[in-house]
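Only heavy atoms go into these numbers, but all of them, side chains included; no hydrogens, no water, no symmetry mates. The structure displayed is predicted, hence computed values, not measured ones.
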Amino acid sequence: MQQSSEWTRQAERILVNKHRPHFAPAGEVLEVYQSHLELARAQFGKPTVLVLCATPELADLALSNKCCVYRVDSNQAMFEAARGRQQLSDRSSETIICGDWLNMDLIGDSRVDLVMGDAAANQIPHTSMRELFDELRRITHPGSL
């Protein structure tokens with residue numbers, strides 16, 4: 001999956017303006033994810049969470065819930081832009097992967113307990129949806145959220 005240069009331009013605007021972007025998840029969205037994280041913690045103890053996109057709000061939420069986090073985005077500039085919105089300084093349980101969601105070979109089979117993304121699937125062309133869900137099926141396991 002190739003991201004358009006539009007996301008690089010968005011990242012540059014975030015870095016220059018230092019404002020929270022309009023596409024950052026709203027508080028209501030974070031509340032829903034908090035309930036999913038609580039469920040995952042009850043089921044898996046210390047869950048492994050995949051965050052699709054560089055979204056620091058989702059990564060911080062998972063890290064504050066004592067999860068191991070994989071954060072995957074194909075645009076390095078978005079990770080750089082997200083750094084300024086990260087609230088937690090201890091990121092030792094986080095792995096950042098600059099790569100393609102359709103091929104997340106750095107994540108082993110059946111390793112992920114919960115997948116999170118804020119409007120992430122709309123970044124994938126319709127013709128690649130099956131490929132995305134096949135990859136998500138590979139890295140999750142029965143009972144994953």
Side-chain angles (χ1 to χ4, degrees), residues 1-44 46-65 67-88 91 93-145:
M1 170 189 80
Q2 292 288 347
Q3 278 199 352
S4 72
S5 59
E6 175 58 26
W7 286 110
T8 300
R9 284 191 293 277
Q10 290 283 349
E12 290 167 355
R13 279 188 219 127
I14 293 166
L15 286 167
V16 169
N17 297 329
K18 299 188 186 331
H19 292 198
R20 184 175 188 270
H22 70 281
F23 51 79
E28 299 83 22
V29 171
L30 295 175
E31 289 173 13
V32 170
Y33 276 117
Q34 177 61 41
S35 66
H36 290 300
L37 285 160
E38 290 168 8
L39 181 59
R41 284 180 53 205
Q43 285 184 262
F44 308 113
K46 185 174 182 176
T48 297
V49 174
L50 168 65
V51 176
L52 295 173
C53 287
T55 315
E57 295 84 359
L58 294 180
D60 282 347
L61 188 63
L63 290 168
S64 68
N65 277 273
C67 299
C68 295
V69 176
Y70 290 108
R71 196 158 44 139
V72 181
D73 196 299
S74 64
N75 191 315
Q76 184 63 40
M78 289 306 288
F79 284 119
E80 293 166 17
R83 196 170 297 125
R85 295 190 341 264
Q86 292 175 174
Q87 297 295 309
L88 300 178
R91 307 203 76 83
S93 294
E94 177 181 57
T95 302
I96 291 179
I97 301 171
C98 188
D100 191 333
W101 298 344
L102 304 180
N103 182 5
M104 295 183 273
D105 285 345
L106 294 174
I107 302 174
D109 295 354
S110 303
R111 292 287 316 262
V112 173
D113 301 308
L114 172 64
V115 177
M116 300 191 328
D118 186 41
N122 66 5
Q123 304 303 313
I124 302 292
H126 176 72
T127 55
S128 299
M129 278 296 175
R130 179 180 215 76
E131 204 175 342
L132 171 65
F133 286 109
D134 286 345
E135 185 65 356
L136 291 174
R137 190 175 306 108
R138 180 189 67 76
I139 65 173
T140 59
H141 55 81
S144 292
L145 306 170

If you compare all heavy atoms of [X] against all heavy atoms of [Y], which two are closest, and at what distance to 0.1 Å?
| X | Y | answer |
| --- | --- | --- |
| C68 | K46 | SG-CE, 3.7 Å |
| S64 | L88 | N-CD1, 3.7 Å |
| G143 | Q43 | O-NE2, 4.0 Å |
| L61 | Y33 | CD2-CB, 3.8 Å |
| V69 | A62 | CG2-CB, 3.6 Å |
| G108 | R138 | C-NH1, 3.7 Å |

- Item | side chain to side chain contact (heavy atoms under 4.5 Å, CB included), paired with C98, selected from Q76, R71, M78 |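 Testing C98 for a side chain to side chain contact (heavy atoms under 4.5 Å, CB included) against Q76, R71, M78 leaves exactly one candidate, Q76.
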
Side chains of [X] and [Y], heavy atoms from C-beta outward: is any pair under 4.5 Å?
| X | Y | answer |
| --- | --- | --- |
| T140 | V115 | yes |
| L102 | E135 | no |
| P47 | R41 | yes |
| T95 | I97 | yes |
| I139 | R111 | no |

- Item | Residues, nucleotides or ligands: over 12 heavy atoms within 6.0 Å of R91 CZ |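 Counting neighbours around CZ of R91, more than 12 heavy atoms of other residues, nucleotides or ligands fall under 6.0 Å, so yes.
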
[X] side chain to [Y] backbone, donor-acceptor under 3.5 Å:
| X | Y | value |
| --- | --- | --- |
| R85 | T55 | no |
| W101 | V72 | yes |
| D113 | T48 | yes |
| S144 | V112 | yes |
| S128 | I124 | no |

- Using only heavy-atom distances, determine whether the side chains of Q34 and N65 contain a donor-acceptor pair under 3.5 Å.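 Short answer, yes.
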
Rounded to the nearest 0.5 Å, how far apart are [atom1] of [X] and [atom2] of [Y]?
| X | Y | atom1 | atom2 | value |
| --- | --- | --- | --- | --- |
| M129 | L136 | CE | CG | 10.0 Å |
| L50 | L52 | CG | CG | 4.5 Å |
| L58 | L30 | CG | CG | 6.0 Å |

- Task: Decide yes or no on side-chain contact (heavy atoms from CB on, under 4.5 Å) for C53 and D118, but give the supporting numbers first.
- Result: CA-CA 8 Å; C53 287; D118 186 41; over 6 Å; no

- Message: Would E94 and L63 count as a side-chain contact (heavy atoms from CB on, under 4.5 Å) here? Give the steps.
- Response: CA-CA 8 Å; E94 177 181 57; L63 290 168; 4.2 Å; yes

- Item | Candidate pair Y70 and V49, rule side-chain contact (heavy atoms from CB on, under 4.5 Å), full reasoning | CA-CA 6 Å; Y70 290 108; V49 174; over 6 Å; no

